[in-house]
Amino acid sequence: MARFEPCQGKNACRDDGERCLTCGRELSEIARLRDAVDALANLAIEHDYDNSEAFAAYVARKLFKTINYRREQHR
């Protein structure tokens, strides 16, 4: 199982055309994660949530549970 390395920020990012040399993740993975975060941010903005912390915490909890559930299903 791979270990996730968070982005250190766009200013720290250097790449070789395939992966970031700072965090080691593939550029396609970074792009997919940025797209997913962008979609979640747009959802919160479209619905004019004034409690974005609660929205983000809910998403984090649900994501954690979904990952664990799917891993259990594949065992």
Side-chain angles (χ1 to χ4, degrees):
M1 194 174 297
R3 181 162 177 80
F4 174 78
E5 291 295 332
C7 182
Q8 302 300 310
K10 287 185 179 183
N11 292 335
C13 191
R14 299 174 318 152
D15 69 80
D16 64 5
E18 292 183 31
R19 62 180 51 249
C20 174
L21 300 174
T22 304
C23 70
R25 294 186 293 139
E26 292 181 5
L27 297 181
S28 60
E29 174 191 350
I30 293 168
R32 286 181 64 192
L33 182 55
R34 282 184 183 151
D35 290 345
V37 170
D38 186 59
L40 288 167
N42 284 337
L43 179 65
I45 290 167
E46 287 169 16
H47 290 279
D48 199 25
Y49 295 150
D50 63 359
N51 58 342
S52 57
E53 299 88 358
F55 174 73
Y58 170 79
V59 169
R61 281 193 314 275
K62 291 295 287 184
L63 179 60
F64 183 75
K65 287 180 179 182
T66 301
I67 291 168
N68 287 333
Y69 175 79
R70 290 183 184 179
R71 283 184 175 155
E72 286 295 322
Q73 297 303 307
H74 287 103
R75 287 188 181 180

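Counting begins at 1 with the first residue of the sequence.
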Taking atom [atom1] of [X] and atom [atom2] of [Y], what is their separation to the nearest 0.5 Å?
X     : Y     : atom1 : atom2 : value
Arg71 : Thr66 : CZ    : OG1   : 12.0 Å
Asn68 : Leu63 : CG    : CG    : 9.5 Å
Asp48 : Glu46 : CG    : CD    : 11.0 Å

Does Asn11, at its CG atom, have more than 12 non-hydrogen atoms belonging to other residues, nucleotides or ligands within less than 6.0 Å? no
Looking at Tyr49, I'd like to know if its OH atom is crowded, meaning that more than 12 non-hydrogen atoms belonging to other residues, nucleotides or ligands lie closer than 6.0 Å. yes
With a 4.5 Å limit on heavy-atom distance, are the side chains of Arg25 and Cys7 in contact? yes
Compare every heavy atom of [Y] with every heavy atom of [X], then report the nearest pair and how far apart it is.
X     : Y     : result
Cys20 : Ile30 : CB-CD1, 3.9 Å
Pro6  : Cys23 : O-CB, 3.9 Å
His74 : Arg70 : ND1-O, 2.7 Å
Leu40 : Phe55 : O-CE2, 3.5 Å
Arg14 : Thr22 : N-OG1, 3.8 Å

Side-chain ion pair, Arg32 and Glu29, N-O less than 4.0 Å: no
Begin with the C-alpha distance, continue with both residues' side-chain angles, and end with the deciding distance and a verdict on side chain to side chain contact (heavy atoms under 4.5 Å, CB included) for Arg61 and Tyr58. CA-CA 5 Å; Arg61 281 193 314 275; Tyr58 170 79; 3.8 Å; yes
Would you check if the side chain of Asn51 reaches a backbone N or O of Glu53 as a donor-acceptor pair within less than 3.5 Å? no
Which residues satisfy the side chain to side chain donor-acceptor pair (under 3.5 Å) test with Gln73, sequence neighbours excluded? none
Hydrophobic cluster (4.5 angstrom, side-chain heavy atoms) - remaining members for Leu33: Phe4, Val37
